[in-house]
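Predicted model only: the values in this text are computed from it and were never measured.
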Amino acid sequence: MPTDVGDFDELYRSSYETMVRLAVAIVDTVPDAEQVVQDAFVSLYRRWATIENPGGYLRISVVNGARQVLRRRGIARRLTLRSEPVDLGFDHLRDAVRALPPSQRVLVALRYEQQMTDSEIAAELGLAIGTVKSRLHRALARLREEMS
């Protein structure tokens with residue numbers, strides 16, 4: 001169990017950029033991603049003395065925080081009639097990933113941004129490995145279809 005605050009500082013320095021990249025892959029915007037990561041580090045710091053696997057706790061906190069951002073965005077879209085400004089930039093792959101359902105988007109981010117295996121993703125998210133494989137397969141098939 002980690003107890004040294006210096007260990008926390010080292011984890012912060014070594015993991016911050018990686019966690020922001022993971023969050024950006026899910027939420028699409030750097031400001032939202034940075035907020036998610038900062039919140040995850042705050043949560044980790046508060047529980048630092050009791051966490052056995054701080055890296056895993058941090059990653060799950062980032063994924064859950066990013067999911068919460070996506071949920072809030074969905075609710076906000078349903079509640080408001082205003083349209084968002086159109087981004088004239090075009091990135092077909094990023095747009096295709098953005099169009100994935102959040103459950104598939106998270107899996108794609110963990111697989112390709114974090115380079116995690118199916119079994120690691122299953123363990124991190126508390127899912128059956130078959131669920132991870134089938135959702136990831138569907139996500140990749142959908143991306144292939146969009147890219148062709």
How long is the span from the CH2 atom in Trp48 to the CG atom in Leu11, to the nearest 0.5 Å?
5.0 Å
Hey, does Gln68 have a side-chain heavy atom less than 4.5 Å from the side chain of Asn64?
no
Is the backbone N or O of Ile26 less than 3.5 Å from a side-chain atom of Arg105, with the two atoms forming a donor-acceptor pair by type?
yes
Would you say Ile129 and Leu140 are hydrophobically clustered, going by side-chain heavy atoms of ILVMFWY under 4.5 Å?
no
Taking atom NZ of Lys133 and atom OG1 of Thr131, what is their separation to the nearest 0.5 Å?
11.0 Å
Sub-4.5 Å side-chain heavy-atom contact between Val20 and Tyr16:
yes
Can you find a heavy atom in the side chain of Val69 that is under 4.5 Å from one in the side chain of Thr29?
no
Nearest heavy-atom pair of Ala66 and Val36: which atoms, and what distance?
N-CG1, 3.7 Å
Give a yes-or-no answer on whether the side chains of Ser43 and Arg47 include a donor-acceptor pair shorter than 3.5 Å.
yes
Just do the side chain to side chain contact (heavy atoms under 4.5 Å, CB included) check on Glu124 and Val63 with the steps written out, would you?
CA-CA 10 Å; Glu124 284 286 328; Val63 168; over 6 Å; no
Could you check if a side-chain atom of Arg73 sits within less than 4.5 angstrom of a side-chain atom of Val27, using non-hydrogen atoms only?
yes
Between Ser103 and Arg135, which heavy-atom pair has the shortest distance, and what is it?
CB-NH1, 4.0 Å
Student check: side-chain heavy atoms of Val97 and Leu143 closer than 4.5 Å:
yes
Evaluate side-chain hydrogen bond (donor to acceptor under 3.5 Å, both in side chains) for Asp39 paired with Gln35, printing each intermediate quantity in order.
CA-CA 6 Å; Asp39 291 345; Gln35 185 62 51; 2.8 Å; yes
Nearest atoms (heavy-atom pairs only) where Ala99 meets Arg142:
O-NH2, 3.4 Å
What distance separates Thr117 OG1 from Leu110 CG, expressed to the nearest 0.5 Å?
10.5 Å
Is Arg13 salt-bridged to Glu10, cutoff N-O under 4.0 Å?
yes
Rounded to the nearest 0.5 Å, the CZ atom of Arg67 sits from the CZ atom of Arg72 at a distance of 14.0 Å
Would Tyr112 end up clustered with Ile60 when hydrophobic side chains under 4.5 Å apart are linked, directly or stepwise?
yes
Working note: Ser134 + Arg138, criterion side chain to side chain contact (heavy atoms under 4.5 Å, CB included); need CA distance, chi angles, decisive distance, verdict.
CA-CA 6 Å; Ser134 65; Arg138 281 188 225 117; 3.6 Å; yes
What I'd like to find out is whether the side chain of Leu107 reaches to under 4.5 Å of the side chain of Leu125, using heavy atoms alone.
yes
Is any side-chain heavy atom of His137 less than 4.5 Å from a side-chain heavy atom of Gln104?
no
Is there a chain of hydrophobic side chains (I, L, V, M, F, W, Y, each step under 4.5 Å between heavy atoms) that links Tyr57 to Val42?
no
Does the side chain of Thr18 come within less than 4.5 Å of Arg59's, by heavy atoms?
no
Please say whether more than 12 non-hydrogen atoms of neighbouring residues, nucleotides or ligands are located less than 6.0 Å from CD in Gln115.
yes
With rounding to the nearest 0.5 angstrom, report the OG1 to CG distance, Thr50 to Leu44.
9.0 Å
Of all residues at least two apart in sequence or in a different chain, which pass the side chain to side chain donor-acceptor pair (under 3.5 Å) check with Tyr12?
Gln38
So with a 6.0 Å cut-off around CD of Glu146, is the heavy-atom count from everything else above 12?
no
